[in-house]
Amino acid sequence: MMVSFFDQFASPSYLGIPLIAIAIALPWVLYPTPPARWINNRLITIQGWFINRFTNQLMLPLNVGGHKWALLLASLMIFLITINMLGLLPYTFTPTTQLSLNMGFAVPLWLATVIIGMRNQPTVALGHLLPEGTPIPLIPVLIIIETISLFIRPLALGVRLTANLTAGHLLIQLIATAVFVLLPMMPTVAILTAAVLFLLTLLEVAVAMIQAYVFVLLLSLYLQENV
Amino acid sequence: MLSRLVLVSGGLVQASRSFHQSSQSLAPVPPLPEKGGKVRHGIFPEELFTLLYPKTGVTGPYMLGTGLLLYMLSKEIYVINHETFAAASIGAVVIYGIKKFGPSVAAFADKLNEDKVAKAQEVKDQAMASLAQGIEDEKKEQWRVEGRHMLFDAKRNNVAMLLETNYRERLHMVTNEVKKRLDYQVQLQNLHRRMEQEHLVNWVEQSVIKSITPQQEKESIAKCIADLKVLAKNTQARATV
C-alpha cells in the first residue's frame with residue numbers, strides 16, 4: 001500500500017462509520033459547562049473570562065442588530081480554534097482541512113450577511129459595490145470588479161482556512177519525515193532540521209489560532225457592512 | 001451513529017441534572033476542593049503511585065512506564081515514524097508553554113476570583129462599618145441625653161437672669177420718672193417763692209424810694225459825708241501807728 005502524505009487528510013471511517021462526526025463533536029467535551037456556583041475553579045473562570053472578552057471585542061464595531069450574531073460567532077471561533085489546535089497533536093485528524101467543512105461554514109454565513117443586507121437596507125448594500133470617490137469613467141468596470149469580489153468572499157473564506165491548515169500539516173509531516181530519514185545518515189543535519197521542525201510547530205500553533213480568528217473576524221466585518 | 005450516541009449520552013447527563021429541580025438537590029452545595037488533584041510530571045495522577053507503592057515501592061510506576069514503552073517499541077506495537085518527531089516537537093512546545101505561562105495564568109484566574117470575592121467582601125464590610133458607626137452615634141446620643149439636665153439648668157438660669165434684669169430696668173425707669181415729676185414740682189415751688197420774694201423786694205424798694213423825701217435825702221448824704229470823714233481819720237491814724 002502506497003502511503004502518501006495526503007493520507008492524513010482522508011476522511012477517516014471505521015467499518016463504514018464516518019469518524020469525522022466524532023472529531024467534530026469532540027471540542028464540545030473539552031469545555032465544561034459552568035456550574036451554578038459563584039466562584040468556580042480556574043479552568044471555568046478562565047474559559048468564561050476568555051469568551052466574555054472575545055465576544056465583547058468582536059461586537060464592538062457592530063451595531064445592536066449585529067449583536068444577534070454574538071452566540072454564533074463566539075461558538076464558531078471556539079470551535080475552529082479547538083479543532084485547529086487539536087489537529088496539531090500527532091495521529092489526529094483535523095476536520096478543518098476538509099474544504100467541504102470550511103465551505104459549509106463560509107457559504108451559508110456569508111450568504112446570510114448578504115441577504116440581511118439586501119433585505120433590510122438594499123440601497124446601502126448595493127452602494128457598497130461602488131467605493132466613494134471613484135472617477136466617473138471607471139464606474140462600470142469597478143462595479144463589475146466589486147461584484148466579483150463580493151462573490152469571491154465565501155470561496156476565499158473557506159479556501160483560506162483549508163489551505164493554511166493543509167499546508168501547515170503537510171509541512172510538518174514533510175519536515176518530520178526529513179528528520180526521520182536523515183537521523184541514521186547525517187545526525188547533525190537531522191538535528192538542524194529538528195530545530196526547523198520546532199520553529200515550524202510554533203508557527204503552526206500561531207497559524208491555527210490566527211486563521212480561526214481571521215475567519216470569524218471577516219464574517220463580522222461582512223456583517224458590519226450589511227446590518 | 002457513534003456521534004449520535006455521544007450527543008445523546010451527553011444530553012442524558014444534562015437531562016438528568018435538570019430533573020432535580022427541588023431545593024434539596026442543590027443545597028447544601030458541597031464545597032469545591034481547594035486544589036486540583038495532585039499529579040506527578042504533569043499528567044500522571046498521584047493515586048497511581050500510591051496504588052503501586054505497597055507492592056513495588058518508589059520506583060514501581062517508573063519501571064512500569066519504561067517497561068511499557070520498551071515493550072511497545074520492541075514489539076513494534078508503536079512504530080517510530082515521522083509522526084514521532086512531530087509529536088516530540090509539539091510536545092516540546094506544549095511543555096514549554098505550560099512551564100512558562102502556567103503559573104501566571106493560574107495567578108490570573110485566582111485574581112479574577114479574588115476580585116469577585118473582594119467586591120462582595122467590601123460590600124459586607126461597608127455595611128458592617130456603617131452599622132458600627134450607627135451604634136457609636138446612638139451611644140453618643142444616649143450620653144448626650146444624660147447631660148441634658150445641665151443644659152436645662154443653664155437655660156433656666158439664663159431665663160431667670162433675663163427676667164431679673166428686665167424687672168430692675170423697669171424699676172429704675174419708674175423711679176426716674178417719679179423723681180422727674182417730683183423735681184418738677186419742687187422747681188415750681190422754688191420758682192414761686194423766688195418770684196414772690198423778688199416781687200416783695202421790688203415793692204419794698206419802690207415804696208422806700210417813694211418814701212424818701214428830699215430833706216431826708218440831704219440829711220442822709222450829710223451824715224454819710226461825716227461818717228466818711230471820721231473813717232478817713234481813723235484810717236489815717238491806724239496807718240501812722
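Lettering follows sequence order; numbering is per chain, from 1. Every value quoted in this text rests on a predicted model; they were computed, and no experiment measured them.
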Proximal to chain A - members of residues 91-109 of chain B, heavy-atom separation under 4.5 Å: B/A92, B/V93, B/V105, B/A106, B/F108, B/A109
Region of A/I175 that comes under 4.5 Å of a non-hydrogen atom in chain B: neither
Residues, nucleotides or ligands: over 12 heavy atoms within 6.0 Å of A/F54 CZ: yes
Contact residues of residues 163-195 of chain B (partner chain A; heavy-atom separation under 4.5 angstrom): none
Check: B/I90 and A/P90 side chains under 4.5 Å, non-hydrogen atoms: yes
Distance-minimising heavy-atom pair for A/T201 and B/S89: OG1-OG, 2.5 Å
From A/F5 atom CZ to B/H82 atom NE2, the distance as rounded to the nearest 0.5 Å: 6.0 Å
Greatest number of heavy atom pairs closer than 4.5 Å to chain B - which of A/I39, A/I20, A/L26: A/I39
Side-chain donor/acceptor of B/N113 to backbone N/O of A/N41, under 3.5 Å: no
Contact listing (chain A partner; residues 53-81 of chain B; heavy atom under 4.5 Å): B/Y78, B/V79, B/I80, B/N81
Close contacts, residues 116-126 of chain B versus chain A, judged by heavy atoms under 4.5 Å: B/K116, B/V117, B/A120
Identified side-chain contact (heavy atoms from CB on, under 4.5 Å) partner of B/F85 from the options A/I172, A/T193, A/V179: A/V179
Chain B contact via A/V181 - side chain, backbone, both or neither, heavy atoms under 4.5 Å: neither
Atom CH2 of B/W143 with >12 non-hydrogen neighbours under 6.0 angstrom: no
Non-hydrogen atoms of B/D110 and A/R42 that approach each other most closely: OD2-NH2, 2.8 Å
